Amino acid sequence: ISVTTKLTPKETALFDLQMVRLVLRNLLSNAVKFTPQKGTITVALSSNQNSVEVTISDSGVGMDQETLKKVFDSQFHYTTLGTIDERGSGLGLKLAYEFISLNRGKLWAESTPEVGTTVHFTLPKETTT
């Protein structure tokens, strides 16, 4: 699996470092888990006036829209095996969503079966007043 980065000029955002590290580890782990050999993962960072956006895209197995809804639904426990039968708890994306929300950001995903998944999250920029 090849991993590439696309970064914009240095930006400053406000967030809890430990929470966001856990989110990044989980999202990268998921990308690796669901991307077959010779696949690709891209980590991108961009910004707008109010926030910094992190995007992690993979060329993995992807999910249909029904499955995508389940992985974020706190009332539903959903887990699936990775490309080489790795197991997960089914809690990672739910925790990532909660942690990003606690940091005043947003997390969402787009996915297509057999094409891959892209997970985005935003964090507020540091403001000077």
Side-chain angles (χ1 to χ4, degrees):
I1 298 174
S2 68
V3 179
T4 59
T5 58
K6 295 180 180 176
L7 306 176
T8 58
K10 188 175 182 177
E11 294 285 354
T12 303
L14 295 173
F15 57 89
D16 179 279
L17 181 61
Q18 296 307 319
M19 283 187 185
V20 174
R21 278 184 176 167
L22 187 134
V23 169
L24 285 169
R25 279 194 310 266
N26 177 264
L27 297 179
L28 287 168
S29 174
N30 283 350
V32 169
K33 185 188 309 183
F34 295 108
T35 299
Q37 291 181 8
K38 300 189 191 281
T40 61
I41 297 170
T42 302
V43 180
L45 179 66
S46 61
S47 67
N48 61 37
Q49 186 175 8
N50 300 316
S51 64
V52 174
E53 181 175 329
V54 177
T55 305
I56 299 175
S57 302
D58 66 56
S59 64
V61 297
M63 297 174 272
D64 60 32
Q65 293 307 301
E66 184 177 320
T67 302
L68 189 57
K69 288 178 188 174
K70 289 178 185 176
V71 298
F72 287 106
D73 186 344
S74 63
Q75 302 301 313
F76 191 82
H77 183 315
Y78 183 81
T79 186
T80 187
L81 296 176
T83 56
I84 55 172
D85 295 334
E86 308 95 323
R87 293 194 177 275
S89 67
L91 298 174
L93 282 176
K94 291 175 187 147
L95 282 174
Y97 181 87
E98 290 300 320
F99 282 2
I100 294 301
S101 294
L102 288 169
N103 281 277
R104 298 175 300 134
K106 295 179 181 171
L107 186 144
W108 69 99
E110 302 156 350
S111 191
T112 303
E114 304 305 318
V115 174
T117 300
T118 299
V119 180
H120 309 262
F121 69 87
T122 61
L123 295 167
K125 279 189 178 178
E126 180 177 38
T127 57
T128 55
T129 53

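Reckoned from all heavy atoms, side chains included, excluding hydrogens, waters and symmetry mates. A quick note: this is a predicted structure, and the numbers were derived from the prediction, not measured.
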Linking I/L/V/M/F/W/Y whenever their side-chain heavy atoms sit closer than 4.5 Å, directly or via other members, would W108 and I100 fall into one cluster?
-> no
Would you give the length of the straight line joining atom OG1 of T40 to atom CG of D58, rounded to the nearest 0.5 angstrom?
-> 7.5 Å
Side chain to side chain donor-acceptor pair (under 3.5 Å) involving N30 - partner list, sequence neighbours excluded = N26
Heavy-atom closest contact (T117 atom, G62 atom, distance) = OG1-CA, 3.6 Å
Side chain T122, main chain K106, donor-acceptor under 3.5 Å | yes
Residues forming a salt bridge (charged side-chain N to carboxylate O under 4.0 Å, His left out) with E110, sequence neighbours excluded | none
Distance-minimising heavy-atom pair for P36 and G60 = CD-CA, 3.8 Å
In a table with atom names and distances, give each donor-acceptor pair under 3.5 Å that connects a side chain of residues 11-23 to protein atoms at least two apart or in another chain.
{"residue": "E11", "atom": "OE1", "partner": "K125", "partner atom": "NZ", "Å": "3.4"}
{"residue": "E11", "atom": "OE2", "partner": "S47", "partner atom": "OG", "Å": "3.0"}
{"residue": "D16", "atom": "OD1", "partner": "Q18", "partner atom": "N", "Å": "3.2"}
{"residue": "D16", "atom": "OD1", "partner": "M19", "partner atom": "N", "Å": "2.9"}

Could you tell me the separation between the CG atom of N103 and the CD atom of E98, rounded to the nearest 0.5 Å?
-> 11.5 Å
Separation between CD1 (I56) and CD1 (I41), nearest 0.5 Å, reads 8.5 Å
Between OG1 on residue T42 and NZ on residue K6, distance to nearest 0.5 Å | 5.5 Å
Applying side chain to side chain contact (heavy atoms under 4.5 Å, CB included) to S101 and not counting sequence neighbours gives Y97
Who are the side chain to side chain donor-acceptor pair (under 3.5 Å) partners of S2, not counting sequence neighbours?
-> none
E66 meets the side chain to side chain contact (heavy atoms under 4.5 Å, CB included) criterion, sequence neighbours left out, with D64, K70
Nearest 0.5 Å please: distance from the OG1 atom of T35 over to the CD1 atom of I1.
-> 5.0 Å
